[in-house]
Amino acid sequence: MEWFNNLYGWQQALLATTFTWALTALGALPVFFCKNIGKNAFALMMSTAAGIMLASTFFSLLMPALETAQEFSYLILTCGFVLGGILIIVTDVVSGKLHLFADNAKKRSCAVMCIAVTMHNIPEGLAIGVAFGALASGTGPGAVAAVMLAVGIGIQNFPEGMCVAFPLRANGMSRAKSFFIGQLSGAVEIVAGVIGALAVTFISGILPWALSFSAGAMVAVVCSELIPESFSSGKVKATVGVIFGFAVMMILDVAFG
């Protein structure tokens, strides 16, 4: 591993975020082998995605934002969270006025969810980039902590790839397109990671804003899209899915975060 330690911070971040993207693609890959998803399975999948996103909102976004914020942390987190939620509301309103997917509410729901998951991955990529950039400059928490951060985010990305690809496939999109969009939601981490590493001296003040902003976007999508869609097919199944998704992501975040 000495060769890895000798790399520049942005190069380490590039490799680390490529790993996290690969796990996103791996999560989307089963869409090639599964048949069309039934209504009950789709509802369970959407509710599980809701649980995953809710857990990620707290453990992967708000808690790290609170830890990285210094003065006025309550104000930073609140403003970032509200702005993230407003963005999703505006996106939903604009897509309605532009009549995007006007003939299919489920497709519009999937589109909004894809946007939210992609935005969720941007601050995670920044976090990885900052960790390795700081490590290279001698101010980081240590190589093990930086690597484990990348591993933890990568493991979280696996179910996220599924959560994007399978709803798209269930709504009639081809397997290839569903996989492409599913893996693309994680590819943004590569760009964000390199930017974070290069701008590590400036990003520390931006990171809590980005994390809380993404958290607000995630909660808005869960409340406006995923929960209504999943609970329309039955309260028990949807509740089980939310609890299961939250529990799985909580275990991954606590164990590898």
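Just so you know, residue 1 is the first one in the sequence shown, and it goes up from there.
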Task: Straight-line distance of Cys223 SG to Ile89 CD1, nearest 0.5 Å - done: 10.0 Å

Open item on the list: Between Val219 and Ile227, is there shared hydrophobic-cluster membership here, with clusters defined by ILVMFWY side-chain heavy atoms closer than 4.5 Å?
Closed with: no

Open item on the list: Is there a side-chain contact between Phe231 and Thr239 in this structure, where contact means two heavy atoms from C-beta onward sitting under 4.5 Å apart?
Closed with: yes

Task: Backbone of Leu75 reached by a side-chain donor or acceptor of Thr78 within 3.5 Å - done: no

Open item on the list: Tell me the closest heavy-atom pair linking Val31 and Arg169, and the distance in Å.
Closed with: CG2-CB, 3.5 Å

TODO: Check step by step if side chain to side chain contact (heavy atoms under 4.5 Å, CB included) holds for Phe81 and Leu62.
DONE: CA-CA 9 Å; Phe81 186 88; Leu62 289 178; 4.3 Å; yes

TODO: Give me the ring orientation class for Phe246 and Phe59: parallel if the planes are under 30° apart, tilted from 30 to 60°, perpendicular past 60°.
DONE: perpendicular

- [ ] Please report the shortest heavy-atom distance between Leu87 and Phe213, naming the atom on each side.
- [x] CD2-CZ, 3.4 Å

TODO: Please answer: with hydrophobic residues joined when any side-chain heavy atoms are less than 4.5 Å apart, are Val242 and Phe58 in the same cluster?
DONE: yes

- [ ] With the side chain counted from C-beta on, respond yes when Phe244 and Ser47 share a heavy-atom pair under 4.5 Å apart, and no when they do not.
- [x] no

Open item on the list: Using 0.5 Å steps for rounding, measure from the CE atom of Met250 to the CG atom of Leu54.
Closed with: 12.0 Å

Open item on the list: Applying side chain to side chain donor-acceptor pair (under 3.5 Å) as the test, list every pair that has at least one member in residues 21-32; sequence neighbours left out.
Closed with: Trp21-Gln183, Thr24-Asn157

Task: Side chain proximity check, Leu7 to Leu15, heavy atoms < 4.5 angstrom - done: yes

Open item on the list: Are Phe166 and Phe32 linked, directly or through intermediate hydrophobic residues, by side-chain heavy-atom contacts shorter than 4.5 Å (ILVMFWY only)?
Closed with: yes

TODO: Would you give the length of the straight line joining atom CG of Leu29 to atom CG of Leu23, rounded to the nearest 0.5 angstrom?
DONE: 12.0 Å

Task: Distance (rounded to the nearest 0.5 Å) between Leu14 CG and Tyr8 OH - done: 14.5 Å

- [ ] Find out if a path of hydrophobic residues (ILVMFWY) with successive side-chain heavy-atom gaps under 4.5 Å connects Met162 to Val240.
- [x] no

- [ ] With rounding to the nearest 0.5 Å, note down the distance linking CG in Leu168 to OG in Ser178.
- [x] 5.0 Å

TODO: Give a yes or no on whether Leu66 and Leu83 share a hydrophobic cluster (residues Ile, Leu, Val, Met, Phe, Trp, Tyr; joining criterion: side-chain heavy atoms under 4.5 Å apart).
DONE: no

Open item on the list: Does atom CZ (Phe180) have a neighbourhood of more than 12 heavy atoms from anything else shown, all under 6.0 Å?
Closed with: no

Task: Nearest heavy-atom neighbours spanning Gly193 and Thr17 - done: CA-CG2, 3.9 Å

TODO: Heavy atoms only: give me the nearest Ile122-Ala192 pair and the separation to one decimal.
DONE: O-CB, 3.4 Å

Open item on the list: Just so I know, are the side chains of Val248 and Ile251 near enough to count as touching, which here means a heavy-atom distance under 4.5 Å?
Closed with: no

Open item on the list: Give me the atom names and distance for the closest heavy-atom approach of Trp209 to Cys79.
Closed with: CZ3-CB, 3.6 Å

Task: Taking every non-hydrogen atom, the tightest pair across Gly182 and Ser185 - done: O-OG, 2.6 Å

